[in-house]
Amino acid sequence: PWATLQHAADTMGPGDRVLVTDGRYAGATASTSGQPGAAIVFQALGSAVIVNQPSSSGDHMRVQAASYLVVAGFRFENLVQRAISVGGAAVTQPIQGVVLRNNVVADAPGSGISLSHTVGARIEGNTIEQCGSAGLVVTGAATQDTVIRDNRLRNNGSEGLFVDGDLAAGGDGIAGSLFVERNIIS
């Protein structure tokens, strides 16, 4: 067993699973991609797997230009920036196949979860509440084929869900083929 999420992020490769037991952890920046059908999975095993310190990026979990990655079942506390940030990709080489599922985010000073330039992302079953700006932000002209389903977005500052194509980033400026269903935004 490893003591840190960062060590796991630095070590894992396509098809590997990081199974995290109850406890408090510092965040991580993941920059290694999985492959289609062989994602790198960060899975919380208990109900008290808490990420309560940021990674070196300032985000608690940063997916830096890495595709086919899963983050599931974590609770994010003591946020400095965002709980989960998926970004760092160009319009011409978007991040693909990221899954964010059943995470709990509360009290982020900015947005709770943010994705930029992603294709085929799945954001499902997350609870995001009391964030300073939007609970969930999906931006980027390359953003396509993204599913936003069964999330609970409550008491967030400016918006529960913010989607922006971002013409300034290049491409056609359109985030398209988004499938949004059964979310509770209050």
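Everything quoted here is computed from the prediction, not taken from an experiment.
Formation of a donor-acceptor pair under 3.5 Å by the Asn151 side chain with backbone atoms of Ile123 is found in this model. A side-chain donor-acceptor contact under 3.5 Å links Ser67 to the backbone of Gln96. With hydrogens and angles ignored, the 3.5 Å screen pairs a side-chain donor or acceptor of Asp22 with a backbone N or O of Ala48. With Asn103 contributing its side chain and Phe74 its backbone, the two residues share a donor-acceptor pair below 3.5 Å. With Thr146 contributing its side chain and Gln144 its backbone, the two residues share a donor-acceptor pair below 3.5 Å.
Taken from CG in Leu136 to CZ in Arg82, the straight-line distance is 12.5 Å, to the nearest 0.5 Å. Once rounded to the nearest 0.5 Å, the distance linking CG of Asp10 with OG1 of Thr32 reads 7.5 Å. Summarising the geometry, atom OH belonging to Tyr25 is positioned 10.0 Å from atom OG1 belonging to Thr4; distances are rounded to the nearest 0.5 Å. Distance CD1/Ile185 to CD/Glu159: 10.5 Å, rounded to 0.5 Å. Once rounded to the nearest 0.5 Å, the distance linking CZ of Arg75 with CG of Asn102 reads 13.5 Å. To the nearest 0.5 Å, the span separating CG on Leu19 from CD on Gln43 amounts to 7.0 Å.
Between the side chains of Thr127 and Arg152, at least one donor N or O sits under 3.5 Å from an acceptor N or O. Between the side chains of Ser85 and Arg62, at least one donor N or O sits under 3.5 Å from an acceptor N or O. Between the side chains of Glu77 and Asn52, no donor N or O sits under 3.5 Å from an acceptor N or O.
The side-chain heavy atoms of Pro94 and Thr143, taken from C-beta on, include no pair separated by under 4.5 Å. With contacts defined as side-chain heavy-atom distances shorter than 4.5 Å, the pair Val147/Glu124 qualifies. Side-chain contact between Leu115 and Leu100: present, with at least one pair of heavy atoms (C-beta onward) separated by less than 4.5 Å. Inter-residue side-chain proximity for Val86 and Val98 is flagged as met; some heavy-atom pair is nearer than 4.5 Å. Side-chain atoms of Ile148 and Asn183, non-hydrogen and from C-beta on, do get closer than 4.5 Å to each other. When side chains are defined from C-beta on, Val18 counts as touching Met12, because their heavy atoms get closer than 4.5 Å.
Transitive grouping of hydrophobic side chains (ILVMFWY, heavy atoms separated by less than 4.5 Å) brings Trp2 and Leu69 into a common cluster. Note on Val180: it clusters hydrophobically with Ile128, by side-chain heavy-atom contacts below 4.5 Å among ILVMFWY residues. Taken together through direct or relayed side-chain contacts under 4.5 Å among Ile, Leu, Val, Met, Phe, Trp and Tyr, Val49 and Val41 form parts of separate hydrophobic clusters. Cluster membership for Val80 and Val104, using ILVMFWY side-chain heavy atoms within less than 4.5 angstrom, is not shared. Linking Ile, Leu, Val, Met, Phe, Trp and Tyr whenever their side-chain heavy atoms come within less than 4.5 Å leaves Leu79 and Val137 in two separate clusters.
Scanning both residues, Ile95 and Ala89, for their nearest heavy atoms gives CG1-CB, 3.5 Å. The shortest heavy-atom contact between Ser55 and Thr29 is OG-OG1, 3.3 Å. In terms of heavy atoms, Ser158 sits closest to Ala134 at OG-N, 3.4 Å. The shortest heavy-atom contact between Ser133 and Ser111 is OG-N, 3.2 Å. In terms of heavy atoms, Cys131 sits closest to Gly110 at CB-O, 3.3 Å. Smallest separation of non-hydrogen atoms from Ala39 and Val70: CB-CG2, 4.1 Å.
The neighbour count for Leu178 CG, taken as heavy atoms of other residues, nucleotides or ligands under 6.0 Å away, is above 12. No more than 12 heavy atoms of other residues, nucleotides or ligands shown are found within 6.0 angstrom of CD on Gln93.
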Using side chain to side chain donor-acceptor pair (under 3.5 Å), reason through Glu129 and Asn155 one step at a time and then give a plain yes or no. CA-CA 6 Å; Glu129 55 192 8; Asn155 300 321; 5.8 Å; no

